[in-house]
Amino acid sequence: MNLLIDHLEDCSTPNYFSFAIRCEVCGEFWYSNSIPFSKAGQVTDYVDKKELYDVLYQKEKQRAQLAAAKEAREHFSQCPICRRLVCDSCFLICDEMDMCKECATRMKEAGEPVIP
Amino acid sequence: MKARIISIVLLLGLLFSGCTISRETRYLIVNVEGLEEYSKTLQDYLAGYEMGITTDTIYAEVAKGNAVACFDVQAIPAINQGVANYWYPHALSTVVIAVDRTQTDAVITGWKSLLDSKEIVGISSNSIIRDMLVMGSISYGLDPISPSKDDVLNLLKELENNDRFMLEDSKSPILLCLDHEVVAWNKAGSNYEIIVPKEGTLSFQVGLLSDIPLTIDEGFDDALLAAELPLANGSYPKQYPEGYQSAHKLSDEDYKWFLNVTDDCSRDLRRKVFKSRLYTTADLREHILFAIGIIAAILLWKGTVYHRMIRPNVSKVVSILCWLMVGWIMLRLFKYQLVTENELSRLCWYGYYIFQLALPVTLLYLTEIMDQAEDGSHSLNFMYIPFTIYILSVLLVLTNDWHQLVFIFDPNGNWAKDYSYGIGYWFIMIFFVLIFILAIIKLFCKGRRSNYVKAKVLLLLLCGLLFLYIIGYIYRVPLAWESDITIFICVIAVIFFETVLHTGLIPVNIQYQRLFANAPIGLSLLDDKGNMVLSSKGTPPISRSIWKRLCIDMDKPLLRDNDTQLHAISIHGGIAVWQENLAVLNRIRKEIKEVQIRLETANALLKEEEEVKKRLLQAETNRKLFEHLERDMESRINALVELVDGQSQIKQANESIALIILCLCHIKRRCNLFFLACQGNKLLGEELSVYLDELIELASYDGLKVLIRCGQSGFIGINNATICYDFAFETITWALKDTASVLMGYLENDDGCLMFRFLPGSDPNKWYFSDELIAGISKANGNIVYKDLDDAIGICLVLPLGGEIDG
Ligand SMILES: [Zn+2]
Ligand SMILES: [Zn+2]
């Protein structure tokens, strides 16, 4: 989980929270479900309120990050050999030990990807 | 028009045979033309049955448990097929030739003799079964051993070729009909002669067909005779001519050839004898198959159009058009299934106009939305006018039974054929022709840039053909009237639209897929569920997570991977995504960064090198400077050392100390001047004067009075200043050594030369100036001049300025 959180790239905007993870084998990004900021689009002139919104934003962002990491767990696996984070298309289910595509090629193992 | 054929009807009968329904009231169904009198007589003798008519087939009625009056050719095959269980033959009908003696006195003896007379021959009945009876009888008459259909058709064709054959006509002088009908007509006042063809004819049994046993009350035979109907056993009432007897009755084997001969008789009569309906379907089976074929073709075409259309709203309208045509054909098909013509079939007929009139309105709507933005609803307001006209027109047609403004007919007569058009019909026609013409004009205006001239001509020809056809239909030109207006209009409409699509009058993109496949920007179209609809060659599919993120925020492009950026826009029913290749950009960026790093490193190296060099240079300069200084000062310091060493030999201490101090001062100042020379600076005349004053002061310690006036103001070159300073120093030194008491000097700028004069108190001719000074003077092109004045000798240093003095 911590590994996932470390790999999450922040793609959030002031209006929604979104995180991405890059597969270290194919290089393709996966994007988490965007979660809108509860106060998105609400402009305030009061400094106090603005600060409150900022705190709220950070809080919600943290929550969204956790949710994204949880979601990412469904799509990413850590290769037990090279310890890299790989997407389901690049992660093969092999006979003895599941591993990433590149490790499988290197070790001449055959397997089926989690998502073909 | 009524089209029924026995095999289809049998089939329908089979379908219904399984579902006999028991109920209280049973009906005696009288649906067969010519059996009205028989049925009327029968109803008093068949207890528990009520008279009824039906729109169903007789076999369906039998299946419901009703009794049906019919001919043996209808009953026996049904019994053989198991459709019905009981057949009760009672009366006998013989096909004869009736000659109206009030119209003609032609001699008719048999079937062939019909060809010899010049009178018109008609079949008086309206139903197919009666046509079948006549055809069967003629074929039997012409060849009793092996009756054939061709013989009959050839005979009738020959009659028709001379315009002497009519169907459904009871006014002709010669009629082919049933014997008991003629007897009835004569009883009513006509004067028909019954002719039993000499070649032979057929007698058909008339009876009741039922699924359940029937009980006929006694005395029915007598009642039949009283009603002037012959009995099945061959007894004839007295009204028949003397010696009249029944003809050949069909045996079980005969039904086979009879059905063969009369099969498809409706189609054969129309197509082979009348040569009409050559271009359309002539009987029900063909009607159904043909209609299904056309419906399939329309739906297939609709499918292809759907794929070619770019704009969903346009393709929606085209599919509405298709469904209108299909609806029209289906309704028409339904109407043909109705056995009798009643209110329902009339309503179907009116219902045609729901579809028919909607076609031009839809076409107009289509031309209207064609050049509009997809979501634009503006300027469609005027479409309410044609829509309103359409609704009103349909209502007017549907309510025709009450006002007869559209079609004028006698509801109890043969309205399906004998109708004329009312004022409402003409109004409707004019409106819709106008709408159609308007649509065509709009279509052509909007597609005037299209280059398919041939196709446009074809379009105009199609329109012309359609108009000609409709006019022909209204005026009952046989070619149009006998054909099927629904099928014709639908086929023309499909050809019309296909041509329109090919001319580009309605924009379609046939090259759509190819354009997409070859789009270089990696274009993909996704539907609203994220499924790929179309995509360029080599474009990887868009993953679900990326699609979701794109839907949330289209404005913000996102990275598929480090080298690919995805952009999206919302389109109707989905999104379009294209990718931007950042690989080149990234490479350039990387290269720039590398170059920058290299440059920075090189810069740092250069800077360090420069500093080292600078330090080296400084050290070298310093070394050179000190070397120079050392060399410069060496002689003076040596002199000073000598002076200090020789102090003991010098008699006067004061003098030597003054000399030493003077030397030290001279060395100090010379160092000053040396550094000034190194810096390339110049010396102010005033400063030189201060230096000289210093020497004067030191000299004064030894009692030498020196007076030097410095008339030079402004800058003097360092070299000249040094020479002057050295000159003054050496002069003072000599004056001290000579123990002179006074020395006067004057420095001035005279005529481009620097003149430094001294008037010593002693003889300067004994003085030796140092080699260094002499070398310096000659190097500066100057010289030392002695002047013999009256009581003294003056010494003068002349230095040419040569640009050495600045302001
Ligand atoms: Zn991957
Ligand atoms: Zn691996």
Side-chain angles (χ1 to χ4, degrees), chain A residues 4-5 7-41 57 60-61 63-77 84-91 100-102 113-116, chain B residues 519-532 535-571 574-591 593:
Chain A
L4 280 166
I5 290 182
H7 276 79
L8 280 179
E9 280 180 40
D10 186 9
C11 305
S12 306
T13 70
N15 290 328
Y16 59 87
F17 308 106
S18 170
F19 296 88
I21 293 188
R22 191 171 161 274
C23 166
E24 291 179 70
V25 171
C26 65
E28 196 160 310
F29 282 101
W30 166 89
Y31 290 87
S32 71
N33 269 330
S34 308
I35 299 169
F37 175 43
S38 62
K39 303 290 179 208
Y57 183 86
E60 284 186 26
K61 188 174 193 170
R63 223 177 301 148
Q65 190 181 28
L66 220 63
K70 214 178 262 174
E71 197 189 344
R73 206 158 44 173
E74 309 287 318
H75 300 279
F76 281 85
S77 316
R84 290 184 302 177
L85 210 53
V86 290
C87 73
D88 279 351
S89 317
C90 301
F91 196 68
C100 79
K101 244 182 204 169
E102 287 179 358
V114 181
I115 292 177
Chain B
I521 51 171
L523 199 56
S524 317
L525 279 197
L526 305 170
D527 65 11
D528 49 9
K529 289 180 187 66
N531 301 317
M532 180 85 75
S535 82
S536 311
K537 250 179 240 160
T539 311
I542 306 287
S543 75
R544 194 126 198 103
S545 79
I546 289 180
W547 172 73
K548 272 195 213 160
R549 159 60 190 75
L550 280 174
C551 287
I552 294 283
D553 187 3
M554 300 253 180
D555 301 329
K556 197 174 164 223
L558 91 177
L559 289 171
R560 177 208 286 286
D561 50 54
N562 283 335
D563 282 344
T564 321
Q565 192 167 42
L566 298 178
H567 300 261
I569 45 163
S570 178
I571 56 168
I575 57 171
V577 182
W578 70 97
Q579 52 184 35
E580 188 184 351
N581 192 352
L582 299 182
V584 178
L585 210 68
N586 281 342
R587 208 186 62 224
I588 291 174
R589 216 177 266 164
K590 205 172 134 200
E591 278 172 13
K593 210 167 181 178

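Reminder, nothing fancy here: chain letters follow the sequence lines and each chain counts from 1.
- Taken from OG in B:S543 to CG in A:D88, the straight-line distance is 11.5 Å, to the nearest 0.5 Å.
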Residues A:F29, B:N562; criterion side chain to side chain contact (heavy atoms under 4.5 Å, CB included); working and verdict: CA-CA 8 Å; A:F29 282 101; B:N562 283 335; 3.5 Å; yes

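- Looking at every heavy atom in both residues, B:D561 comes nearest to A:G27 through CB-O, 2.8 Å.
- A distance of 10.0 Å separates CD1 in B:I552 from CD1 in A:I35, rounded to the nearest 0.5 Å.
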Full working for side chain to side chain contact (heavy atoms under 4.5 Å, CB included) between B:L559 and A:Y31: CA-CA 10 Å; B:L559 289 171; A:Y31 290 87; 3.7 Å; yes

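- Here the closest non-hydrogen pair linking B:R549 and A:S18 is CD-OG, 3.9 Å.
- When each of B:K556, B:K548, B:R560 is checked for heavy-atom pairs under 4.5 Å with chain A, B:R560 comes out on top.
- Within the model, atoms SG of A:C11 and CG of B:D553 stand 11.0 Å from one another, a figure rounded to the nearest 0.5 Å.
- Separating the CZ atom in B:R544 from the CG atom in A:N33 is a distance of 10.0 Å, to the nearest 0.5 Å.
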